[in-house]
Amino acid sequence: MAKKPNKLKARLPRGFVDRSAQDIRATDEMLARIRAVYERYGFDPVETPAFEYTDCLGKFLPDTDRPNAGVFSVQDDDEQWMSLRYDLTAPLARHVSENINEIQLPYRTYRAGWVFRNEKPGPGRFRQFMQFDADTVGAPGVQADAEMCMMMADTMEALGIPRGQYVIRVNNRKVLDGVLEAIGLGGEDQAERRLTVLRAIDKLDKFGVEGVKLLLGEGRKDDSGDFTKGAGLDTNQIDMIANLVDVKGELQDRKSFNEHLNYIFDDHQDILDAGAEIGNLINLVQSCGYGIDRIIADPSCVRGLEYYTGTVFEAELLFDVTNEKGEVVQFGSVGGGGRYDGLVKRFTGRDVPATGFSIGVSRLMTALKNLGKLNTSDVTAPVLVTVMDGDVEALGRYQKMAQDLRNAGIRAEMYQGNWKKFGNQLKYADRRGCPIAIIQGSDEREAGEVQIKDLIEGKRLSEEIADNVTWRESRPAQVTVKEADLLETVRGILDGQADDRKRASEG
RNA sequence: GCAGACGUAGCUCAGUUGGUUAGAGCGUCGGAUUGUGGCUCCGAAGGUCGGUGGUUCGAACCCACUCGUCUGUACCA
């Protein structure tokens, strides 16, 4: 009968994660580096809330009054639908529109924040993740797009990704639109088909040209035997798109890009005009010294299907990313953006052209972590002041030692567990990674002394001592000093440990 | 969403043809050692076998459903 009480099971919602101290510190470091680049380009921060009214995000399902399934939504007490933001661009457009009279355009702005997507999570894909965006609102020229591409390249390098290990791929939506028109997919009635074609093109890096061709035609069967219906184009149409898209990074400048387009679409002026815009962007960045090792034209770059109107670009990592099991994983892009000239107009009715991009911080961190390029934090654990006597007077003395260390800028704590088992205090310090333990029992107290134990050096010495009695009695790496010399001695040991770490990391 | 694989202790995994009381290693806790971490030794705790229902004298094992994880794929602002 004595059935255990049914305990509540502690569980994390699917697709969400708790972040460790190390992750938080690493993220802070990444954010600081990204922010420094954006600031240097003259951008200012602005922050918007996690919730927006769903209509401002533009995510109602067609022909219904319910929000899209991909967004987390709740109804406010007045029955209006609100949703957690799924990116930072739509909220920015809302903010700018609401404050359009106060904001000096062109407006350069950046912001980092959590965004939420109610989708199937996967490795490195979560339902809450962080983006770090930069946008220029009210800048119509391709020179603003060019600036974005360069800033994105600078950001990659600021994060420690060497040149040649990443690339910014640039395209223009108007090229793709023109091409679709040219192969006879224009008009309202073919909208769905155009989307299918764009999705197929976007899969180039995943499936290769042959895979894309299948998706443009009848369809493609994947490894599990699942069949994806294709766009149903004829071979002529498929070949034109395949030729457009399969360039293997050969389009190095304005001239070669235009020649490429000209070769396939020599009688379509709108395509050539859009192509010229990409060419101009490439020339602009090259005049600033950003060569094809950093920014390159790529007609297969598609990006989001929703609101981009011109230039689109994305940052891709070129090194292999391996997971915990050592398998190489398809990583795809770590950020991207483009021109969205219609987004502010939805609210204001005014033409307010804008361009910007987004970096997937969480995703990029996964890549850097798996690569071992993530700055492992150099935060050291606190110095532990151990407790030998539990009377209030003694506790005050221990607490004061901790305060003195803190006031001297040294991370320190007094042991707050059960002080009666002294061995456990050092065990705690060991597991916590404390560099030093401070010990003062009645003997030391009477002599006006403290014992200072270098736990790192002690750990090293322990390898040479097999016998526990000897190990305990020898009190390795432990010195006795006058109370007045506590701070200086601790600082000396910490400095020595820091030097050792530096030497070790430099190999 | 679709397809497949897998769910046994905190973790990694054994578990015979369906047969008594479900095991190991690691970890955790306690002791040897109440003022000294590591090592070693001794001991203990820890399980609705993912859940529900069914077949059976009997189910961790077989069946159905369901939940979760992983892989591929679709969607992805």
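All figures in this text were calculated on a predicted structure; none of them were measured in a lab. Chain letters run A, B, ... following the sequence lines, proteins first, then strands; residues in each count from 1.
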So [X], base contact, sugar-phosphate only, or nothing? Heavy-atom distance under 4.0 Å.
| X | answer |
| --- | --- |
| A:Gly70 | base |
| A:Val469 | nothing |
| A:Lys421 | sugar-phosphate |
| A:Glu444 | base |

Problem set entry | Atom pair distance, as rounded to whole Å: CG in A:Leu198 and P in B:A77 |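 The answer, rounded to whole Å, is 11 Å.
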
Exercise. Please give, in whole Å, the distance from B:G35 P to A:Tyr415 OH?
Worked result: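 Rounded to whole Å, this separation is 12 Å.
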
Checking contacts here: which listed nucleotide ([options]) is nearest the side-chain heavy atoms of [X]?
| X | options | answer |
| --- | --- | --- |
| A:Phe422 | B:U33, B:C76, B:G35 | B:G35 |
| A:Lys453 | B:A74, B:G38, B:U36 | B:U36 |
| A:Asn424 | B:A74, B:G68, B:G30 | B:G30 |
| A:Ile439 | B:A77, B:G35, B:G68 | B:G35 |
| A:Asp430 | B:U36, B:G35, B:G38 | B:G38 |

Problem set entry | Face-to-face stacking of A:Tyr86 with B:A77, centres under 5.5 angstrom, angle under 30° | yes

Exercise. Would you find more than 12 non-hydrogen atoms of other residues, nucleotides or ligands less than 6.0 Å from A:Glu488 atom CD?
Worked result: no

Problem set entry | Neighbour count >12 (heavy atoms, 6.0 Å) for atom CD, A:Glu464 | yes

Is any N or O donor-acceptor pair between the side chain of [X] and the base of [N] shorter than 3.5 Å?
| X | N | value |
| --- | --- | --- |
| A:Lys120 | B:G72 | yes |
| A:Gln425 | B:G35 | no |
| A:Arg199 | B:A74 | no |
| A:Lys427 | B:U36 | no |
| A:Asn468 | B:G38 | yes |
| A:Glu119 | B:A74 | no |

Exercise. Start at the 5' end of RNA chain B and walk down; is the nucleotide closest to A:Thr89 or to A:Gln478 reached first?
Worked result: A:Gln478

Seminar exercise, completed: Heavy-atom nearest nucleotide on RNA chain B taken for A:Gly441 and for A:Ala466; more 5' hit belongs to A:Gly441

Quick one: look up who [N] pairs with, Watson-Crick or G-U, both distances under 3.5 Å, and put none if it's unpaired.
| N | result |
| --- | --- |
| B:U48 | none |
| B:U12 | B:A24 |
| B:G18 | none |
| B:A74 | none |

Problem set entry | Short N-O contact, A:Arg127 and A:Glu119, less than 4.0 angstrom | no

Problem set entry | Donor-acceptor pair, side chain of A:Thr309 and main chain of A:Asp341, under 3.5 angstrom | yes

Could you measure between the two [atom1] atoms, the one in [N] and the one in [M], and give it in whole Å?
| N | M | atom1 | answer |
| --- | --- | --- | --- |
| B:C67 | B:A22 | C1' | 24 Å |
| B:G7 | B:C13 | P | 10 Å |
| B:A9 | B:U48 | P | 8 Å |

For this session: Using a cut-off of strictly less than 4.0 Å, decide whether A:Arg475 has a side-chain nitrogen or oxygen near OP1 or OP2 of B:G38.
Result: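 No, outside the criterion.
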
Exercise. According to a strict under-4.0 Å criterion, is A:Trp471 in side-chain N/O contact with OP1 or OP2 of B:G37?
Worked result: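 Yes, within the criterion.
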
Exercise. Looking just at side-chain N and O atoms, do A:Gln440 and A:Glu483 make a donor-acceptor pair shorter than 3.5 Å?
Worked result: yes

For this session: Quick one: sort the A:Phe132 and A:Tyr110 rings into parallel, tilted or perpendicular, breaks at 30° and 60°.
Result: tilted

Exercise. Can you check whether A:Tyr86 and A:Phe116 have ring centres sitting under 6.0 Å from each other?
Worked result: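 When the ring centroids of A:Tyr86 and A:Phe116 are compared, they turn out to be at least 6.0 Å apart.
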
